[in-house]
2 protein chains.
Amino acid sequence: MEFKQIKNNKVYEQIIEQIRELIYEGELKKGDKLPSERQLKKDLGVSRASIREAFSALEMIGLIESRPGEGTFIRDSFDEDFFNPLSLILLLNDNVAEELLELRRVLEIDCVKLAAERATAAEIEEMQSYINDLLSSSGYEEESIKADKMFHYTIARASGNKVLLFFMRSISEAMDFHIKNTRTKLVSKEETMSKFARQHEQIFKSLKNHDPEKAAAEMRNHLDYVEKLINKEIEG
Amino acid sequence: MEFKQIKNNKVYEQIIEQIRELIYEGELKKGDKLPSERQLKKDLGVSRASIREAFSALEMIGLIESRPGEGTFIRDSFDEDFFNPLSLILLLNDNVAEELLELRRVLEIDCVKLAAERATAAEIEEMQSYINDLLSSSGYEEESIKADKMFHYTIARASGNKVLLFFMRSISEAMDFHIKNTRTKLVSKEETMSKFARQHEQIFKSLKNHDPEKAAAEMRNHLDYVEKLINKEIEG
DNA sequence: AGAGTACTGATGGTCTGACCATCAAACAAT
DNA sequence: ATTGTTTGATGGTCAGACCATCAGTACTCT
């Protein structure tokens, strides 16, 4: 005898499933407008409440966007600034700080290789400005942190791989909470920041010369230093 | 003059925000039971509908789980089998197939390095079994695909980095849709499968000997071959 | 005493109908 | 041509109701 697992899907999950399939089949594309809640209520034979549960879930993951008075639309890009739920989930796991550090390391090194091959003139110019920011902002914690993050972020963007960029951002966001205090302590030291700035410059030079291996080596060096500091700070 | 952006957060978003903060502060941990919807309704002064919208969103991303008659709980692990919303978002982007391939390449190579260092005896044994499956399942498409996927999946798990495993799964799921048909065509050829099996064996040997660099090289070789086939299939 | 049964209360799941705020478009007034 | 006004559709929120499910509890029967 063989029994099939009985799955008592909730209504809102079935609604999501249908929308999902429409996306797979290409019937729903970026920017498309979904039917109104009241229309869907008729079409699907369910209550508006269930539809709204489905919509809020889809909005949470950044797939759709509801605008009062207008309607509900499929988002046209996922690289905009929306809350990334991944970081929330990562929060709940133990030892996740170490794993995040490890993963960031491998991703960032691959990232800088790709960036060295593909970075455009505009992106290189942008990186230069963040290096300048870091040099001139010594003493101002917030500005320093921002300049540091933006430098790395721009590298990720210059990799030309949006999925990679998305992953890097998820990791970065998650790390912000796990290592928040540590980060502030690190950057508050004048000496550390000037060393960061110099390392960034080294990475940047290799990027500018489109030398992937050199850039990777410099990034490795930079991350070694960062991780050493973090470990020292964590362990006391 | 400087104006601040007015943000009229929806009620359900504010509820999520509060839960989020409770997690950050450590007041909510894995397996914890949330207050009932009716209790939260009183505490927060909102309707049950809004609370349910918040909950369905949190359930979508796999953070919580609602069980009728019992209550709502924080999930105790995110590596179980829940629908991964990331793959849905990735579907909407153009050229994402190429980016996924590129990203999988770099991640999988780093993955196999870590796995070579850390794989346990049990995991190595598991890999061996999937290699045997692949050898013995020639001709049966479904079994071959499963054996192939499980081999790679086990490597990801053996890396010991759960976040990395999570990312690999997201990529794998997303790729399944973008390259679904292609995959089936690839595996249907007897010749291809036997070659896959041999390459898996090479990777496995290096893993067993805990030789990261060799394993990475073999993986690179394997992925080169796979990507060559995929490109050939896509272009005609 | 032990095992099974029935009741009860709490919980999530769903639906209905209502009211509000917002927006776009058509229209009216200047 | 610009500025208000109206109107209808839409999303946002709420209250109240009913159901199915589950965990105890009290009860019954042996």
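The chains referred to below are lettered A, B, ... by the order of the sequence lines, with proteins before strands, and numbering in each begins at 1. Values below: all heavy atoms of this structure, side chains included; hydrogens, waters and symmetry mates excluded.
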Would you please confirm or rule out a distance under 4.0 Å between OP1 or OP2 of dT10(D) and any side-chain N or O of S36(A)? yes

I need the CG-C1' distance between L40(A) and dA9(D), as an integer number of Å. 15 Å

Could I get the full list of salt bridge (charged side-chain N to carboxylate O under 4.0 Å, His left out) partners for E123(A), not counting sequence neighbours? none

Side chain to side chain contact (heavy atoms under 4.5 Å, CB included) partners of A174(B), counting only residues at least two apart: S87(B), L90(B), L100(B)

Residues at least two apart in sequence or cross-chain that pass salt bridge (charged side-chain N to carboxylate O under 4.0 Å, His left out) with R38(B), listed by chain then number, are none

ring-ring contact (aromatic ring centres under 6.0 Å, His included) involving F151(B) - partner list, sequence neighbours excluded: H200(B)

Whole Å only: how far is the CZ atom of F55(B) from the C1' atom of dG12(C)? 10 Å

Separation of atom CD1 in I51(B) from atom C1' in dT14(C), rounded to whole Å: 16 Å

Under 3.5 Å, N/O pairs linking protein and nucleotides 23-25 of chain D:
none

Who pairs with E117(B) by salt bridge (charged side-chain N to carboxylate O under 4.0 Å, His left out), at least two apart in sequence or on another chain? none

Test side chain to side chain contact (heavy atoms under 4.5 Å, CB included) applied to L22(B) - qualifying residues, sequence neighbours left out: E25(B), E27(B), L28(B)

Pairs in or reaching into residues 63-72 of chain B: which pass salt bridge (charged side-chain N to carboxylate O under 4.0 Å, His left out), with residues at least two apart or in two chains? E65(B)-R67(B), R67(B)-E70(B)

In Å, rounded to the nearest 0.5 Å, how long is the span from CG of D43(B) to CD of Q18(B)? 10.0 Å

Listed pairs, N/O of protein and of nucleotides 12-15 of chain D, under 3.5 Å:
residue : atom : partner : partner atom : Å
dG12(D) : OP1  : K10(B)  : NZ           : 3.1
dG12(D) : OP2  : R52(A)  : NH1          : 2.8
dG12(D) : OP2  : R52(A)  : NH2          : 3.3
dG12(D) : N7   : R48(A)  : NH2          : 2.8
dG12(D) : O6   : R48(A)  : NH1          : 3.2
dT13(D) : OP1  : V11(B)  : N            : 2.6
dC14(D) : OP2  : S47(B)  : N            : 3.2
dC14(D) : OP2  : S47(B)  : OG           : 3.3
dC14(D) : OP2  : S50(B)  : OG           : 2.8

When rounded to whole Å, the CD to P distance for the pair E65(B) and dC22(D) reads 13 Å

From CG of L44(A) across to P of dT16(C) the rounded distance in Å is 13 Å

